[in-house]
Amino acid sequence: MNIFDSLVAGCRALIASLPNRCLLCHQQLCPPGSGICKTCLQACLYSCPVCLGCGRPLQTLQRYCGGCLTSQPIPVVAPASYHSLLGPLIPRIKYQAQFTALPPLVRALAHSVSTLVSHNIIALPQVLLPVPLHPQRIRERGFNQAWMIASMLGQQLQLPVDDSLLQRVVATVPQAGLDGQARRRNLRGAFVLKAALPYQRIALIDDVVTTGTTVDEIARTLSPWTPDLQVWCLARAEAPGM
């Protein structure tokens, strides 16, 4: 049994041991073990298309809003806003190993990706790259939630996952609570590539995108090979007023 199979088995055992209740409304789940009921999940997902640059609501399904069309930022695909009721569930995955919300959120992300691909808004990447954790953080936490998300997505979308190429070499402090300048300073030089990039189309996988500082630093690390980079995450934090 590989590491991923062990983690999945552990998640299933954990789910089976918990009360069969939705994490949000606490009503009985049907089917059991799904973590979030369909009603709550649907209520938390984006109700309309959003700009892949800034998260602004759009009238029609397209890649960017008018403001982002000229700057062409790195596209971020997420099924929900971090400011929805899903927001508190994501830190629980990361910091408390509460994995029951992970399968339905990953399925929602896979559905968002498939919808955008079917409408030619994005192209499927050659590989999924989970945002790496420093080895020290892995030892403390016991898992990398980005790797778990990437592995589940890889199975659902039939895409390979490469977690050996991109490495985190600086044990940075947590980004939460830092302002933009401090976040950039905290992550400067934190990532390295072990070898020349063998891919042209990449989807970077993370649990949440807030200011985009991590994405920008990884993009800078990958920039000598100028890949076609996307970011896929469970939720994104839009700027106030979006």
Where [X] and [Y] come nearest, the two heavy atoms and their spacing:
{"X": "Tyr64", "Y": "Cys51", "result": "CA-SG, 3.7 Å"}
{"X": "Cys22", "Y": "Cys40", "result": "SG-SG, 3.8 Å"}
{"X": "Cys233", "Y": "Asp207", "result": "CB-O, 3.8 Å"}
{"X": "Pro224", "Y": "Thr221", "result": "CD-O, 3.4 Å"}
{"X": "Pro91", "Y": "Tyr82", "result": "CG-OH, 3.3 Å"}
{"X": "Pro135", "Y": "Arg168", "result": "CD-O, 3.9 Å"}

>> Test your reading of the model: is there a side-chain donor-acceptor pair from Asn144 to the backbone of Val131, 3.5 Å cut-off?
In response: yes
> Under 3.5 Å, side chain of His119 to main-chain N/O of Ile121, donor-acceptor pair present?
Replying inline: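 No, His119 side chain to Ile121 backbone: no donor-acceptor pair under 3.5 Å.
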> Among Val161, Val231, Ile149, which residue meets the side chain to side chain contact (heavy atoms under 4.5 Å, CB included) test with Ile205?
Replying inline: Ile149
> Applying the side chain to side chain contact (heavy atoms under 4.5 Å, CB included) test to Leu52, which of Ile122, Val76, Leu58 qualifies?
Replying inline: Ile122
>> Could you check whether atom CD of Gln62 has more than 12 heavy atoms from other residues, nucleotides or ligands sitting under 6.0 Å from it?
In response: yes
>> Is it true that, when you exclude Gln59 itself, more than 12 heavy atoms of the residues, nucleotides or ligands shown sit nearer than 6.0 Å to its CD?
In response: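 No, not enclosed.
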